[in-house]
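Any value given below was found using the heavy atoms of this structure, including those in side chains, with hydrogens, waters and symmetry copies removed.
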Amino acid sequence: MAEEDDIVLRLLREIRTDQLDQGRRLIKVERRLDEMHEGMTTALGMAAHSNLVAEQFGQRFDEVEDQLNALRRRVSELESRK
């Protein structure tokens, strides 16, 4: 009976050691996934921000272009009156 107990205890120790190793590996994998998630979130945030900035710049450019065209028309009208 003592021999069977030794075999069972040895197997249980091996299982515990394997579980500890796997637990450590899972913790490393989880950390890497967290880092990747943070990196992707940052990258997407920056891309969305730059897209918004470009869109706002385009809108301001269109407004300035409209104002410039309006001024050109007014100057043309003033010159044609002379």
Side-chain angles (χ1 to χ4, degrees):
M1 190 69 155
E3 187 176 319
E4 290 178 13
D5 289 343
D6 289 341
I7 292 172
V8 171
L9 288 174
R10 186 180 52 138
L11 289 173
L12 289 173
R13 286 185 188 115
E14 288 177 13
I15 290 171
R16 185 185 310 161
T17 303
D18 288 345
Q19 285 179 334
L20 289 173
D21 290 341
Q22 290 172 358
R24 289 185 194 113
R25 288 177 60 201
L26 285 174
I27 289 171
K28 288 180 184 179
V29 169
E30 187 177 28
R31 284 184 189 149
R32 285 184 181 173
L33 286 174
D34 287 343
E35 290 171 2
M36 287 175 56
H37 183 262
E38 285 181 31
M40 288 175 60
T41 303
T42 302
L44 288 173
M46 293 177 124
H49 177 71
S50 65
N51 198 15
L52 178 65
V53 169
E55 184 179 325
Q56 289 173 346
F57 176 78
Q59 289 173 351
R60 282 190 230 129
F61 182 80
D62 291 342
E63 289 173 6
V64 169
E65 191 174 28
D66 291 342
Q67 290 174 354
L68 181 61
N69 289 333
L71 288 173
R72 285 180 178 156
R73 271 185 259 126
R74 289 176 63 190
V75 168
S76 292
E77 289 173 6
L78 289 172
E79 289 178 345
S80 66
R81 288 183 187 173
K82 289 183 179 183

I'd like a table of donor-acceptor pairs (distance under 3.5 Å, sequence neighbours excluded) in which one partner is a side-chain atom from residues 64-80, with atom names and distances.
residue	atom	partner	partner atom	Å
Asn69	ND2	Glu65	O	3.3
Ser76	OG	Arg72	O	3.1
Ser80	OG	Ser76	O	3.3
Ser80	OG	Glu77	O	2.8

Distance check, rounded to the nearest 0.5 Å: Leu33 atom CG versus Met40 atom CE?
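Going from the CG atom of Leu33 to the CE atom of Met40 covers 10.5 Å.
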With rounding to the nearest 0.5 angstrom, report the NE2 to OG1 distance, His37 to Thr42.
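Rounded to the nearest 0.5 Å, the NE2-OG1 separation comes out at 10.0 Å.
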In the hydrophobic cluster built from side-chain contacts under 4.5 Å, what are the other members alongside Val8?
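Traced through the cluster, Val8 reaches Leu12.
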Once salt bridge (charged side-chain N to carboxylate O under 4.0 Å, His left out) is applied, what residue pairs with a partner in residues 13-22 remain, sequence neighbours excluded?
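Those involving residues 13-22 are Asp21-Arg24.
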Quick one: which residue pairs count as a salt bridge (charged side-chain N to carboxylate O under 4.0 Å, His left out) with a foot in residues 27-52, not counting sequence neighbours?
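Pairs touching residues 27-52 that pass the test: none.
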Who are the side-chain contact (heavy atoms from CB on, under 4.5 Å) partners of Gln56, not counting sequence neighbours?
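Gln56: side-chain contact (heavy atoms from CB on, under 4.5 Å) contacts with Leu52, Arg60.
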